[in-house]
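We name chains A, B, ... by the order of the sequence lines, and we start the count at 1 in each one.
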2 protein chains.
Amino acid sequence: MKEKEARLRAIKKIIKTYKIKSQRDLLKHLRENGFNVTQATLSRDMRFLRVNKISDGENGYYYSLPSLDMRIDSEKSFIKDIIRGFISIDYSGNMAIMHTIPGHADSVAFAIDNLSLDEIIGTMAGDDTVLIILKENLEKEEFKKMLKEKIPELEL
Amino acid sequence: MKEKEARLRAIKKIIKTYKIKSQRDLLKHLRENGFNVTQATLSRDMRFLRVNKISDGENGYYYSLPSLDMRIDSEKSFIKDIIRGFISIDYSGNMAIMHTIPGHADSVAFAIDNLSLDEIIGTMAGDDTVLIILKENLEKEEFKKMLKEKIPELEL
DNA sequence: ATATTATTTGCATAAAATTACATTAATGGC
DNA sequence: GCCATTAATGTAATTTTATGCAAATAATAT
């Protein structure tokens, strides 16, 4: 069924276009576009899309799609740690070996752990090297792609 | 009344520290810290602080204070400039005297100008002091309130 | 001080959002 | 096709959040 898919696309567009402040609001817009669902479904859609509710800077709130530069704070700081320490990365089998500036392996490994990427099973840190164990059967290209999306600042 | 102020400070701290996912949650933390209010008050506090409700990237949501990077870009960078230079502020008549770290008065004054706050008529910068001329009849408390809302990071 | 005005809060309730449960639609074997 | 399994949705109940209004409290003026 592609009804849901179409609806999600419509929702994203509506949210980007208007300042939607309640699901009831959104419902109205959807109806105008020919989508007929209940508010309960919207609640589920919103969660599915990870839509945020953010202050308009005055007295109201509106829905907003998560964007890359709005990454949640904790994640942002982990990413910063990684960028700070990162030098290079190499691969062997289902492992990635990340080279860091001396003494940074630990903070980098900690940060990687805390990103809770499910492509990664675990990490081990030396002084300037972090060993990253990848999920079995994960293509290294796939991993690189994910990493690049997550931290585009890295020179992979 | 400083009860509210203290509570708001506590709320900010709690929200920064834990992943609070409902006002009931927050209420519990507040009680533990000796604040006794009702959920209705929290609802108002949240709005006052412009707290956002953000997806945790999985299936949940939690509260998050508006951060610098969620402000519109130009304003963001001006605000950063102010925060970078700011030391303290004092008042005399319809003037505010902002003390900055040496050499920063200029960039701070420039930033203040560019925020186009209509509470401010004009600024003058020395080396480590910015003179801010306030709109006539503007209460200093009102000004502080505005400033605090605009740049909560400042210790006014 | 006392009066006046504005702010803050609780209570009760309304509005908004989520969820348990049941039902229906889609999907993948066979 | 038919059956089994999973996903999607509606309905109704529940939970969470917001708000109108009155009482309490603080701030300001006289």
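- Between the CG atom of A/Leu49 and the P atom of C/dA17 there is a distance of 15 Å, rounded to whole Å.
- Taking atom NZ on A/Lys21 and atom C1' on D/dT17, their separation rounds to 14 Å, with Å as the unit.
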Using a cutoff of under 3.5 Å, can you pull out all pairs of nitrogen or oxygen atoms linking the protein to nucleotides 19-23 of chain D, with atom names and distances?
{"from": "D/dG20", "atom 1": "O6", "to": "B/Arg44", "atom 2": "NH2", "distance (Å)": "2.6"}

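- Using a 30° and 60° split on the angle between ring planes, B/His29 and B/Tyr18 fall in the tilted class, from 30° to 60°.
- A/Met95 is not connected to A/Ile87 by any chain of hydrophobic side-chain contacts under 4.5 Å among Ile, Leu, Val, Met, Phe, Trp and Tyr, and they are in different clusters.
- Per the geometry, CG belonging to A/Leu8 stands 15 Å off P belonging to D/dA7, to the nearest Å.
- Between B/Asn59 atom CG and C/dT18 atom P the separation is 12 Å, expressed in whole Å.
- Listed pair A/Arg7 / D/dA8 fails the phosphate criterion, with no side-chain N or O lying under 4.0 Å from OP1 or OP2.
- Distance CE (B/Met46) to C1' (D/dT16): 12 Å, rounded to an integer number of Å.
- For the pair B/Lys21 and B/Tyr62, the cation does not sit on the ring face, since its NZ or CZ is not both under 6.0 Å from the ring centre and inside 45° of the axis.
- Within the 4.0 angstrom heavy-atom criterion, only backbone atoms of the sugar-phosphate kind lie near B/Tyr63; the bases stay farther away.
- One finds no side-chain N or O of B/Lys53 lying less than 4.0 angstrom from the OP1 or OP2 phosphate oxygen of C/dA17.
- Ion pair B/Arg7/B/Asp45 flagged as a salt bridge, since at least one NZ, NE, NH1 or NH2 atom sits closer than 4.0 Å to an Asp/Glu carboxylate oxygen.
- One can place CG of B/Asp25 at 13 Å from C1' of D/dT15, the figure rounded to the nearest angstrom.
- The phosphate of C/dA15 (OP1 or OP2) has no side-chain N or O of A/Tyr61 nearer than 4.0 angstrom.
- One atom, CG of B/Leu42, and another, P of C/dT9, lie 10 Å apart when rounded to the nearest Å.
- If you take CZ of B/Arg24 and P of D/dA18, they are 15 Å apart, rounded to a whole angstrom.
- Backbone-only contact: B/Asn36 has heavy atoms under 4.0 Å from sugar-phosphate atoms and none from a base.
- B/Arg47 places a side-chain N or O within donor-acceptor distance of the main-chain N or O of A/Asn59, the cut-off being under 3.5 Å.
- Between the side chain of B/Ser22 and the backbone N or O of B/Asp25, at least one donor-acceptor pair lies under 3.5 Å.
- Remark: A/Lys19 fails to qualify as a cation-pi partner of A/Tyr63 under the 6.0 Å distance and 45° angle criteria applied to the six-membered ring.
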